[in-house]
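A quick write-up on the structure given underneath.
Keep in mind that this is a model prediction, so the values were computed, not measured. Below, read A as the first sequence line, B as the second, and so on, with proteins coming before strands; counting in each chain starts at 1.
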Protein chains: 2
Amino acid sequence: MARQRATAAYRQLRQLIVSSRLPPGARLIETDLARRFGFSRTPVRAALRVLAREGYVLAVDGGERIRLVVAPLSVEDARELFQIVGAIEGLAARAAATLPLRKRRRLAAELRGFDQALLAAAAQNPSDSEEIFDLFTRFHLRYVETAAGPRLRALHDSIKPQAERYRRLYSMAPEGRIAASVAEHEMIITAIEDGSGDDASSAVAANWQNAAERLAASIATQPNPFSLPPITT
Amino acid sequence: MARQRATAAYRQLRQLIVSSRLPPGARLIETDLARRFGFSRTPVRAALRVLAREGYVLAVDGGERIRLVVAPLSVEDARELFQIVGAIEGLAARAAATLPLRKRRRLAAELRGFDQALLAAAAQNPSDSEEIFDLFTRFHLRYVETAAGPRLRALHDSIKPQAERYRRLYSMAPEGRIAASVAEHEMIITAIEDGSGDDASSAVAANWQNAAERLAASIATQPNPFSLPPITT
DNA sequence: ATCGTCGAGTTTGTATACAATTATTCCGTT
DNA sequence: AACGGAATAATTGTATACAAACTCGACGAT
């Protein structure tokens with residue numbers, strides 16, 4: 001019997017949710033998911049429990065039994081979530097600013113590399129929104145992995161993909177937005193390079209706050225844009 | 001068959017860990033725990049998975065199989081953990097500072113009530129360290145519950161008890177320390193009352209940073225003070 | 001004596017059976 | 001036709017059985 005199906009189920013389920021192939025609000029039936037994965041209910045249950053604790057899945061009702069649904073998306077939730085991500089990555093950036101000078105310099109160079117790639121990708125026509133998305137992710141991941149401790153990394157790994165649910169749905173791709181983001185990134189990079197933890201932290205928080213605003217504006221203009229066909233069962 | 005044993009197992013296990021009756025580093029055997037609780041392995045497993053994700057339990061090794069142990073305590077971990085708690089509660093305090101004036105006033109009054117109770121409890125001889133601990137907890141819980149959104153509350157509920165593992169072990173009770181804490185609390189309260197989110201947030205972060213320092217000093221003088229008899233099985 | 005290998009015991013991962021509760025359908029009554 | 005209620009199905013929670021992998025010790029070969 002293959003081991004670690006629970007982990008596989010966790011990853012697959014999380015991916016299905018983040019990619020919105022399991023759309024917000026969809027009911028999650030253990031038996032159906034188990035059939036889909038070819039597993040038994042046991043590993044699926046374990047995965048669902050964890051996803052519920054992390055916020056991907058919501059336990060509604062509260063009678064004797066629990067009903068699990070894919071956590072719905074809302075502007076208010078996005079604001080709260082982005083603020084939390086900003087605080088977490090802000091701590092990582094603060095830690096990055098206390099690294100030895102040599103490492104800070106190298107980190108700053110790497111980060112600037114991502115930003116240049118971002119500008120280049122945005123200049124493409126048509127722009128590859130998948131690549132842009134990926135570059136944003138890696139920019140933030142770089143300094144978190146470099147400077148954050150184990151707890152902070154675990155927390156980041158838990159929460160960050162939930163923000164990606166939003167970013168994937170409402171592709172905030174117009175070029176001006178990317179330029180604005182890159183400008184904000186530069187403030188983060190400079191603060192880290194200068195060893196100013198407070199500035200780095202608040203620059204990251206501001207970046208996410210602005211991202212939330214851009215997202216809210218995007219939602220207002222194009223509500224509910226499910227791009228992938230949902231799984232109907 | 002009684003439902004929701006998994007939740008009961010989660011709570012009991014978390015309590016055993018926080019109270020250090022399951023000491024740091026202790027191996028967690030599903031069968032033993034199941035016997036102890038009178039449950040089967042199934043709900044115990046579910047509880048352990050969640051506790052592992054939250055950080056109470058550490059999955060060591062990483063072979064094909066997983067070994068779970070109670071997460072060890074260390075000064076570095078405490079620093080990181082307290083910093084995270086500070087950031088989370090900092091967001092809550094920031095939100096509290098944006099409440100309508102009337103609510104801010106009432107919240108501030110309640111918080112000052114906790115602080116006065118703290119000073120009174122500290123003046124007692126002998127001081128009731130259990131009550132002091134409880135008052136600290138409730139002080140912070142109050143503004144989180146009042147102002148934080150659902151996500152932030154869930155995150156707080158996940159992480160905060162882990163800080164309490166440390167605070168319970170190294171009772172940071174000397175009176176001067178309490179006075180210092182109360183002084184820091186007053187800065188938090190004033191900032192909330194004044195509607196200054198930035199000040200409130202950084203005051204909370206500073207409070208936890210200082211708490212980490214006090215804790216580190218306490219650990220240095222009285223290392224490894226397990227006050228309760230560990231469970232041997 | 002040291003190292004490796006084989007094997008019994010332990011522990012975890014998964015599947016499945018069963019129990020209990022909630023949702024749904026279908027029928028009868030008014 | 002609408003409503004209520006009983007029967008039925010669906011779904012979750014728990015227990016248990018079994019399989020695979022790891023641990024640790026004993027024994028033997030070099």
Rounded to the nearest angstrom, tell me the gap between atom [atom1] in [X] and atom [atom2] in [N].
X     : N      : atom1 : atom2 : value
A:L68 : D:dG13 : CG    : P     : 7 Å
A:Q4  : D:dA19 : CD    : C1'   : 15 Å
B:F37 : D:dA15 : CZ    : P     : 13 Å
B:E30 : C:dG13 : CD    : C1'   : 8 Å
B:I66 : C:dT10 : CD1   : C1'   : 17 Å
B:D32 : C:dG9  : CG    : P     : 18 Å
B:R41 : D:dA19 : CZ    : P     : 15 Å
A:R27 : C:dA23 : CZ    : P     : 8 Å

*asked:* Strictly below 4.0 Å: does A:R67 bring a side-chain N or O up to OP1 or OP2 of C:dA23?
replied: yes
*May I ask you to evaluate whether B:R45 reaches the phosphate of C:dG13, defined as a side-chain N or O under 4.0 Å from OP1 or OP2?*
yes
*Any chance CZ of B:R106 has more than 12 other-residue heavy atoms, nucleotides or ligands included, within less than 6.0 Å?*
no
*Evaluate whether atom CZ of A:R11 has more than 12 neighbouring non-hydrogen atoms of other residues, nucleotides or ligands under 6.0 angstrom away.*
no
*Closer to the 5' end of DNA chain C via nearest nucleotide, is it B:T31 or A:T42?*
B:T31
_Interface with DNA chain C, restricted to residues 47-56 of chain A and to heavy atoms under 4.0 Å_ = none
_Using the side chain to side chain contact (heavy atoms under 4.5 Å, CB included) criterion, which residues pair with A:A216? Sequence neighbours excluded._
A:V75, A:R79
*How are the rings of A:H140 and A:W208 set to each other: parallel, tilted or perpendicular (split at 30° and 60°)?*
tilted
*Is A:A46 touching bases, backbone alone, or none of the nucleic acid, heavy atoms closer than 4.0 Å?*
nothing
*Decide side-chain hydrogen bond (donor to acceptor under 3.5 Å, both in side chains) for A:E110 and A:Y143; before the verdict, give the C-alpha distance in whole Å, the side-chain angles of both, and the deciding distance to 0.1 Å.*
CA-CA 9 Å; A:E110 287 172 342; A:Y143 62 82; over 6 Å; no
*Given side-chain contact (heavy atoms from CB on, under 4.5 Å), test B:E213 with B:Q209 step by step and report yes or no.*
CA-CA 6 Å; B:E213 299 303 334; B:Q209 163 104 17; 3.7 Å; yes
*Under 3.5 Å, side chain of B:R21 to main-chain N/O of B:L16, donor-acceptor pair present?*
no
